[in-house]
Amino acid sequence: MNLTISSQIVLNKVPTKLFRPATAVDRSEITRMEKVPTDIFASADEGARFIADALEKEIRQRQEQGKTFVMALGTGNSLIPVYNELIRRHREEKLSFNHVVVFNAYEFFPLTPENNSRSINQLNERFLRHVDIPQQNIFSPDGSIAQDSVMDHCRQYEQAIAHCGGLDVALLGIGRIGNLAANEPGSTPTSTSRLILIEQTTREEMSMSFGTGEQVPPCSITIGMATILAAKRIFLTAWGEGKADILRKTIEEPITSDIPASFLQAHNNAQVVADLAAASRLTRIVHPWLVTSCKWDDKLVRSALVWLCQVTGKPILKLTNKDYNGNGLSELLALYGSAYNANIKIFNDLQHTITGWPGGKPNDDDKYRPERALPFPKRVVVFSPHPDDDVISMGGTLRRLVQQGHEVHVAYETSGNIAVGDEEVARFMHFINGFNQLFAQDADMVIKDKYKEIKQFLAQKQEGDLDTRDVLTIKGLIRRGEARTACTFNNIPLDRVHFLDLPFYESGRIEKKPMGEADVRIIQQLLAEVKPHQIYVAGDLADPHGTHRKCTDAVLAAIDEEKKAKAEWVGDCRIWMYRGAWAEWEIENIEMCVPMSPEELRAKRYSILKHQSQMESAPFLGNDERLFWQRAEDRNRATAKLYDDLGLACYEAMEAFVEYIPI
């Protein structure tokens, strides 16, 4: 059973020469926009092996010389692949770390004995305890010392690094706001180890990496930028689409204290190691025509023309030969003969992605439509990772499918219980208690006793405590009720609403269990019963450990299993991938775009608002202050504006999809 099919989805085939150039001359040509040497790999595992190769070579050399090898190590999720590879080499290839000295890059402050969110604990769990580094060679800031002793402690930490001969390597991941270790925006290149207030985005990112929900302390004792820049060599890792924007700014834009990682541009031996997803915004990947000659395919031509429209401020059909020549796209003129020919080709391609009939228009020519006309009506399954992703991501399309007569099923893959605040449980508990008093005359002692038990737990619950199974059950029921209400609002019969409760999600923690065969079989059973003509599935592929990615892998694995079993429905089914509230598909990849009127967008908003527990009180709204319905509307309006700016059509909002063809 293939449980990682999503990792094989490649929307834009990046030529190898753009990320793994064959010669030094080729490299110098395609990287001329980059101010930090950057190595790009097809996957995080390949990048991790590259770093591990370099570290192993240095470690073995020092061991032969009888000298120590001094490293500053971060603890972020992006370093896990590197640590896993080093651990494997220690176990399987006898790589010894007994000459390695480690300095933990930062520690939270203030720490009490009750704090489980300790950076050194995380570093121990992910790396140190699995290898043979002597305990006396491990140094970490002390987050439990008195505040008036912090400055002296930081000086002593710097002295310890100097006493060991300085840092040979600093191995760090880049934060979402460009922080290195806990050096936040505003840090200077001369800063040494110090106490610093952690910015909220970084704090949330650090809290999420622990997987418990416990908030980390507000401050950190961190090695400074000067300490990092004094290292003989620096490795900076970045994996996934979520790091793409900040990585481009770090590598290609001017040095600024707003992005501390950009100070690496001034280091003579810094190296960025990224996967293709994290590097996807670099010029050589997203706009290769600016640095080299290209092998043009339809997607790259579409991407280039959309970019040219944005640069010139013109719609597609107004682009001229001069616009092409003046912006590095003369190759397209040679390919198509004129701007007019290229403009018409891409205009028609994009125009054909727009449809008001996401399930296909019956009794109509479907030659240029994204979906086939027949069969009609279709059986449709919309898979929703959480109990609100369906309406957030494709609420307008969902409603239109129902209105156009299709048999629409919604499958909620997880309970979403950990995303419900305790106050929501208390509110429903009060209702249950009041209902019992009014209508049951206090006769139901089971309800009464359970009410007392849960109320006591919530009153005594501390930050970071895991919920009991009863509390998780109530939170799951809350989300089920909201999902049913939203489906009823969209005229979906409740017998077509399926709660799958995939087992991988039920850890009670932010960090989930591995997705496995049991999850896939649940989905496979539903597909075998419905035999859909259309499937909609989440296409948020940025986070390999996230719930959306695991849910998508479960669906694709189930389809793959049905295909192996030669299920007839698979050959007559089309699979469409949608995006969530945060990001839209790149326009060169969009294959179906469903417009919405102002009234339809308003109905989508009402659908989202039915999920009351996910409004202001939702635990994972993140640093973005917009509510989910606001994010969704802004995204859908931005897609419509892009189509309008290109001269295609003017709609209030649009939802976009990419087709997945089973491997």
Quick one, Cys551 with Tyr505, criterion side chain to side chain contact (heavy atoms under 4.5 Å, CB included). Give me CA distance, side-chain angles, the key distance, then yes/no. CA-CA 9 Å; Cys551 285; Tyr505 184 87; over 6 Å; no
Give the intermediate values and the outcome of side chain to side chain contact (heavy atoms under 4.5 Å, CB included) for residues Glu199 and Ile177. CA-CA 9 Å; Glu199 202 273 341; Ile177 55 175; 3.5 Å; yes
Decide yes or no on salt bridge (Lys or Arg N to Asp or Glu O under 4.0 Å) for Glu633 and Lys604, but give the supporting numbers first. CA-CA 9 Å; Glu633 287 192 8; Lys604 173 175 177 172; over 6 Å; no
Walk me through it: do Asp467 and Lys461 pass the test salt bridge (Lys or Arg N to Asp or Glu O under 4.0 Å)? CA-CA 8 Å; Asp467 286 328; Lys461 183 180 177 183; 2.5 Å; yes
Stepwise salt bridge (Lys or Arg N to Asp or Glu O under 4.0 Å) test for Arg372 and Asp366: CA-CA 6 Å; Arg372 62 210 187 283; Asp366 58 10; over 6 Å; no
Please assess Gln403 against Arg400 for the test side chain to side chain donor-acceptor pair (under 3.5 Å), listing each intermediate value before the final yes or no. CA-CA 5 Å; Gln403 291 172 343; Arg400 187 166 291 193; 5.4 Å; no
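Residues Tyr578 and Asp390 are not in side-chain contact: their nearest non-hydrogen atoms beyond the backbone lie 4.5 Å or more apart. Contact of the Ile418 side chain with the Lys475 side chain is not registered, since no non-hydrogen atoms from C-beta on lie closer than 4.5 Å. Proximity of Cys573 to Ile535: side-chain heavy atoms (C-beta onward) are separated by under 4.5 Å at one or more points. No side-chain heavy atom of Glu591 sits less than 4.5 Å from a side-chain heavy atom of Phe657. The side-chain heavy atoms of His498 and Val381, taken from C-beta on, include no pair separated by under 4.5 Å. Side-chain contact between Glu655 and Thr639 is absent, with no heavy atoms from C-beta onward closer than 4.5 Å. The shortest side-chain heavy-atom distance between Val380 and Pro532 does not fall under the 4.5 Å cut-off. Counting heavy atoms from C-beta on, the side chains of Ile523 and Val555 come closer than 4.5 Å.
Here the rule is salt bridge (charged side-chain N to carboxylate O under 4.0 Å, His left out) with Glu584, and of Arg637, Arg635, Lys641 only Arg635 fits it. Considering Glu407, Gln404, His533 as possible partners of Lys378, the one that fulfils the side chain to side chain contact (heavy atoms under 4.5 Å, CB included) test is His533.
With Asp519 contributing its side chain and Gly516 its backbone, the two residues share a donor-acceptor pair below 3.5 Å. With Thr485 contributing its side chain and Gly481 its backbone, the two residues share a donor-acceptor pair below 3.5 Å. Asp389 places a side-chain N or O within 3.5 Å of a backbone atom of His386 that can act as its donor or acceptor partner. A donor-acceptor contact shorter than 3.5 Å links the side chain of Trp585 to the backbone of Met577.
A salt bridge between Arg579 and Glu241 is present, with a side-chain N of the basic residue lying under 4.0 Å from a carboxylate O of the acidic one. A salt bridge does not link Glu423 with Arg427: every distance from a Lys NZ or Arg NE/NH1/NH2 to an Asp or Glu carboxylate oxygen is 4.0 Å or more. The pair Lys249-Asp258 does not meet the salt-bridge criterion, since no charged nitrogen lies less than 4.0 angstrom from a carboxylate oxygen. Checked for salt-bridge contact, Asp572 and Arg379 miss the test: no charged N lies under 4.0 Å from a carboxylate O.
Taking a 6.0 Å sphere around OH of Tyr651, one finds it holds 12 or fewer heavy atoms contributed by other residues, nucleotides or ligands. Residue Gln460 qualifies as enclosed at atom CD: its count of foreign heavy atoms under 6.0 Å is above 12.
Donor-acceptor pairing under 3.5 Å is recorded for the side chains of Ser607 and Asn490. Looking at Glu586 and Ser303, their side chains never bring a donor and an acceptor atom within 3.5 Å of each other. Between Asn417 and Glu506, the side chains place a donor N or O and an acceptor N or O closer than 3.5 Å (distance only, hydrogens not considered). With 3.5 Å as the limit, one finds no donor-acceptor pair spanning the side chains of Trp357 and Glu371. A donor atom on one side chain and an acceptor atom on the other are found under 3.5 Å apart for Thr353 and Tyr643. Defined by atom type and a distance below 3.5 Å, a donor-acceptor pair is missing between the side-chain atoms of Glu482 and Gln612.
Remark: aromatic rings of Tyr412 and Phe383 are distant, center separation not under 6.0 Å.
The two residues Ser280 and Val286 make their nearest non-hydrogen contact at O-CB, 3.4 Å.
By the 6.0 Å and 45° rule, Arg399 stacks over the aromatic ring of Phe489.
The side-chain contact (heavy atoms from CB on, under 4.5 Å) check on Glu599 picks up Ser597, Arg602, with sequence neighbours excluded. Qualifying ring-ring contact (aromatic ring centres under 6.0 Å, His included) partners for Phe376, counting only residues two or more places apart in sequence or in other chains: His406.
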